[in-house]
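Written below as structure tokens is the structure these notes are about.
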2 protein chains.
Amino acid sequence: MNTNLRFAISIHALTLLATSSDPLTSEAIATSVDTNPVVVRRAMASLREHGLVESKPGAHGGWRLLRAPSQIGLCEVYRSLGSEDVLAMHSHPNQHCRVGAHIKGALTGIFATAQAGMENALGKYTIADVLTDVLARGEK
Amino acid sequence: MNTNLRFAISIHALTLLATSSDPLTSEAIATSVDTNPVVVRRAMASLREHGLVESKPGAHGGWRLLRAPSQIGLCEVYRSLGSEDVLAMHSHPNQHCRVGAHIKGALTGIFATAQAGMENALGKYTIADVLTDVLARGEK
DNA sequence: ATATTTGTAACTATAATAGTTACAAATGAA
DNA sequence: TTCATTTGTAACTATTATAGTTACAAATAT
């Protein structure tokens, strides 16, 4: 199983924040996501670094959006997390083989194209889209 | 680091096979890739199940392509390996929360779109393209 | 017959990530 | 000013996917 859940958790958290005018605590978000508050803080810290949310410590603190949900694209969320690219290469192909010596150069461009294909697809959606979909599902 | 190297290893192996009229052993492929022959066999077994290569045990055995390199698309190679999708969801969002209860439904479609974006991009390339690129790099 | 090679099970090693615990620092309210 | 709340973060453990390794049976060519 692919186990990098930070992206899914981040979308979940941002969607939850989009439903609330008051700040939400890491604890409240964690309860909705079903994880530990520290896991939430770690993901949200990356989003904060990229200007998507802000946090306030202390009583009545928590997290809130810094932009309208319609202005938060999923590609930007994805990139904010700084994950590795989804396709990886083997490290030390044999340099004395004519394929081994140049396979990494050839794969680099292809893998970048694949990564861009995925990110472009994500960029078609915003947190507002997710929220609309979630709420529509709740009405059925 | 993303550590699923099977795809990169498979492309490497198929490109190597495209340079050879004789079958290549798992050992020979492993030497070019810089890994263990069993790792090569495991990746190649998936490709064999999907009709891309065949194997022959015993003396002068090994692996060979069952199609022209120009007829082996990278999306098909990717799919033959049966990897998990690149984006994963958290398992148990809180069903008593209106976001938690429906987030998985909303994310499923988005993640599928992202996966398709990546696979479409891969589908633009074949093993022949990779071989051409590798050989061109070798001439410089 | 013999050497070669795949097929595969069983195991260990590595590494990324989630999850947990603990506590300092910041904040707001009584 | 004191106290409860909450983030920030370090340090650690647990889990899991995958690579890598070892061993050996079965198949094959000469």
Side-chain angles (χ1 to χ4, degrees), chain A residues 1-10 12-13 17 20 22-49 53-64 66 78 81-94, chain B residues 1-10 12-13 17 20 22-49 53-64 66 78 81-94:
Chain A
M1 180 179 59
N2 173 347
T3 182
N4 186 339
L5 304 177
R6 282 176 296 168
F7 184 48
I9 289 172
S10 295
H12 184 146
L17 290 176
S20 173
D22 293 327
L24 297 180
T25 65
S26 305
E27 179 66 44
I29 296 168
T31 296
S32 177
V33 168
D34 187 34
T35 186
N36 189 291
V38 175
V39 171
V40 171
R41 285 187 202 120
R42 287 201 281 238
M44 300 302 278
S46 297
L47 305 182
R48 184 184 50 210
E49 280 171 25
V53 296
E54 70 174 7
S55 61
K56 195 168 56 170
H60 304 105
W63 301 87
R64 68 182 190 84
L66 282 179
Y78 177 86
L81 297 174
S83 301
E84 295 288 327
D85 286 355
V86 295
L87 300 178
M89 259 175 259
H90 47 309
S91 307
H92 303 297
N94 189 332
Chain B
M1 180 177 59
N2 174 347
T3 182
N4 186 340
L5 305 177
R6 282 176 296 167
F7 184 48
I9 289 172
S10 295
H12 185 145
L17 290 176
S20 172
D22 293 328
L24 297 179
T25 65
S26 305
E27 178 68 41
I29 296 168
T31 297
S32 176
V33 168
D34 186 33
T35 186
N36 190 290
V38 174
V39 171
V40 171
R41 285 187 202 120
R42 287 201 281 237
M44 299 302 278
S46 296
L47 305 181
R48 183 184 52 210
E49 279 171 26
V53 296
E54 70 174 7
S55 62
K56 196 168 57 169
H60 303 106
W63 301 87
R64 67 182 190 85
L66 282 179
Y78 178 86
L81 297 174
S83 301
E84 295 289 325
D85 286 355
V86 296
L87 300 177
M89 259 175 259
H90 47 308
S91 307
H92 304 296
N94 189 333

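Below, read A as the first sequence line, B as the second, and so on, with proteins coming before strands; counting in each chain starts at 1. Reckoned from all heavy atoms, side chains included, excluding hydrogens, waters and symmetry mates.
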I'd like to know if B:Arg42 reaches the base of C:dG7 with its side chain such that a donor and an acceptor end up less than 3.5 angstrom apart. no
From C-beta outward on [X], which listed nucleotide comes closest to its side chain: [options]?
X: A:Val39; options: D:dA19, C:dT20, C:dT6; answer: C:dT20
X: B:Asn4; options: C:dT5, D:dA19, C:dA18; answer: D:dA19
X: B:Thr25; options: C:dT5, D:dA19, D:dT7; answer: C:dT5
X: A:Val38; options: D:dA29, C:dT20, C:dT5; answer: C:dT20
X: B:Arg48; options: C:dG28, C:dT8, D:dT7; answer: C:dT8
X: B:Lys56; options: D:dT7, D:dA29, C:dT5; answer: D:dA29

Length of the line joining [X]:[atom1] and [N]:[atom2], which is rounded to integer Å:
X: B:Asp22; N: D:dT28; atom1: CG; atom2: P; result: 19 Å
X: A:His90; N: C:dT14; atom1: NE2; atom2: P; result: 21 Å
X: A:His92; N: C:dT14; atom1: NE2; atom2: C1'; result: 14 Å
X: A:Leu47; N: D:dT7; atom1: CG; atom2: C1'; result: 15 Å
X: A:Leu5; N: D:dA17; atom1: CG; atom2: P; result: 11 Å
X: A:Leu81; N: C:dA16; atom1: CG; atom2: P; result: 17 Å
X: A:His60; N: C:dT27; atom1: NE2; atom2: C1'; result: 11 Å
X: B:Arg41; N: D:dG20; atom1: CZ; atom2: P; result: 14 Å

Distance, nearest 0.5 Å, that separates [atom1] of [X] from [atom2] of [Y]:
X: A:Leu47; Y: A:Leu81; atom1: CG; atom2: CG; result: 5.5 Å
X: B:Arg6; Y: A:His90; atom1: CZ; atom2: NE2; result: 15.0 Å
X: A:Met89; Y: B:Phe7; atom1: CE; atom2: CZ; result: 10.5 Å
X: B:Leu87; Y: A:Leu5; atom1: CG; atom2: CG; result: 11.0 Å
X: B:Arg64; Y: B:Ser55; atom1: CZ; atom2: OG; result: 10.5 Å

Where along residues 27-37 of chain B does a heavy atom come under 4.0 Å from DNA chain C, residue by residue in number order? none
On DNA chain D, check which nucleotide each of B:Ala59 and B:Ser83 is closest to and give me the residue with the more 5' one. B:Ser83
Check this one for me: any side-chain N or O of B:Ser55 less than 4.0 Å away from OP1 or OP2 of C:dG7? yes
Kindly indicate, with the supporting measurements, whether the criterion side-chain contact (heavy atoms from CB on, under 4.5 Å) is fulfilled by A:Met44 and A:Leu17. CA-CA 11 Å; A:Met44 300 302 278; A:Leu17 290 176; 3.6 Å; yes
Closest approach of B:Tyr78 and B:Val86, non-hydrogen atoms and distance? OH-CG1, 3.7 Å
